[in-house]
Amino acid sequence: MIEIKKAQAGDRDALADIFLGHISANPEYISHGEIQMGVGVGEFRDGRLCARPSDNAREMWLKYIDAHISDEDSALVLKGVKEGRIVGFCVADIEEDGADPFGMVCDVLVTEASRGEGLGGTLLARAIEWLRSKGIKDIYLESGLNNHSAHSFFEKRGFHHISQIFKLED
């Protein structure tokens, strides 16, 4: 059985291990968000964006997750725990830079071994419940350009593709 709990500061290294292991093996997960915050690097090759973790990805991601774990008012980090180990997590926050505050589902990630057990959907549903409890109507997320399995996962849960992000080639 998998338990859903709020992540604590002591979980940061386990969360980082899951995240960095996943983006190293699956660079299609890397979106503009990871590139903008320095966790990922996007390089153009033959006119195509090729992403990879940055050299200081762990340091940058720990800074990000620490800020979200410590922000009780406008951020939520949930973890899925199975047999005493973290096997997935979800990060959501409330952004204030729009006409009205809006919700962002920043990350939903489940370890390969725990996929297919409903954890990702449960984590996402709990994050959405939390955002709704805070009065948030509009909820967004972003996903890597070629992260097609995630796109399908989100579409099955009611999300729709509304825009594209462009990056100027260096």
In Å, rounded to the nearest 0.5 Å, how long is the span from [atom1] of [X] to [atom2] of [Y]?
X: Leu145; Y: His148; atom1: CG; atom2: NE2; value: 7.0 Å
X: Lys79; Y: Ile18; atom1: NZ; atom2: CD1; value: 10.5 Å
X: Leu131; Y: Asp138; atom1: CG; atom2: CG; value: 11.0 Å
X: Ile35; Y: Ile165; atom1: CD1; atom2: CD1; value: 10.5 Å
X: Leu76; Y: Lys134; atom1: CG; atom2: NZ; value: 9.0 Å

4.5 Å side-chain heavy-atom contact, [X] and [Y]:
X: Phe102; Y: Asp97; answer: yes
X: Arg48; Y: Asn146; answer: yes
X: Leu15; Y: Ile86; answer: yes
X: His32; Y: Glu142; answer: yes
X: Glu117; Y: Ile2; answer: yes
X: His68; Y: Cys106; answer: yes
X: Asn147; Y: Ser31; answer: no

Applying a strict under-4.5 Å side-chain criterion to I, L, V, M, F, W and Y, I'd like to know whether [X] and [Y] cluster together.
X: Ile128; Y: Phe89; answer: no
X: Ile139; Y: Met104; answer: no
X: Val77; Y: Ile4; answer: no
X: Ile65; Y: Ile23; answer: yes
X: Met60; Y: Leu20; answer: yes

Would you find a donor on one side and an acceptor on the other, under 3.5 Å apart, between the side chain of [X] and the backbone of [Y]?
X: Arg52; Y: Pro27; answer: no
X: Thr122; Y: Gly118; answer: yes
X: Ser143; Y: His151; answer: no
X: Asp11; Y: Gln8; answer: yes
X: Thr111; Y: Gly88; answer: no

query = So Tyr64 and Trp61, would you call those rings parallel, tilted or perpendicular, with 30° and 60° as cut-offs?
reply =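 Ring orientation of Tyr64 relative to Trp61: tilted.
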inquiry  = Once you measure the plane-to-plane angle for Phe19 and Tyr29, does it fall in the parallel (<30°), tilted (30-60°) or perpendicular (>60°) bin?
reply    =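 The arrangement is perpendicular - the two ring planes meet at more than 60°.
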inquiry  = I'd like to check the side-chain contact (heavy atoms from CB on, under 4.5 Å) partners of Ser74; sequence neighbours left out, ordered by chain and number.
reply    =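 Asp71, Ile94.
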request  = May I ask you to decide whether Asp13 forms a salt bridge with Arg58, counting only side-chain N to carboxylate O separations under 4.0 Å?
outcome  =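 Arg58 and Asp13: salt-bridged.
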query = Do Arg132 and Glu129 sit within salt-bridge range, that is, some charged N less than 4.0 Å from a carboxylate O?
reply =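 So Arg132 does not pair with Glu129 through a salt bridge.
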Looking at every heavy atom in both [X] and [Y], which two are closest together, and how far apart are they?
X: Ala57; Y: Val39; answer: CB-O, 3.3 Å
X: Ala7; Y: Ile69; answer: O-CG2, 3.9 Å
X: Ala127; Y: Leu78; answer: N-CD1, 4.1 Å
X: Gly80; Y: Leu123; answer: N-CD2, 4.3 Å
X: Val87; Y: Ser114; answer: CB-OG, 3.4 Å

request  = Test Val108 against every option in Val91, Leu124, Leu119, Leu141 by the side-chain contact (heavy atoms from CB on, under 4.5 Å) rule and name the one that passes.
outcome  =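 Single pass found, and it is Leu124.
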query = So, Glu155 and Ser152: side-chain donor and acceptor under 3.5 Å apart, yes or no?
reply =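 Side-chain D/A pair, Glu155 to Ser152: absent.
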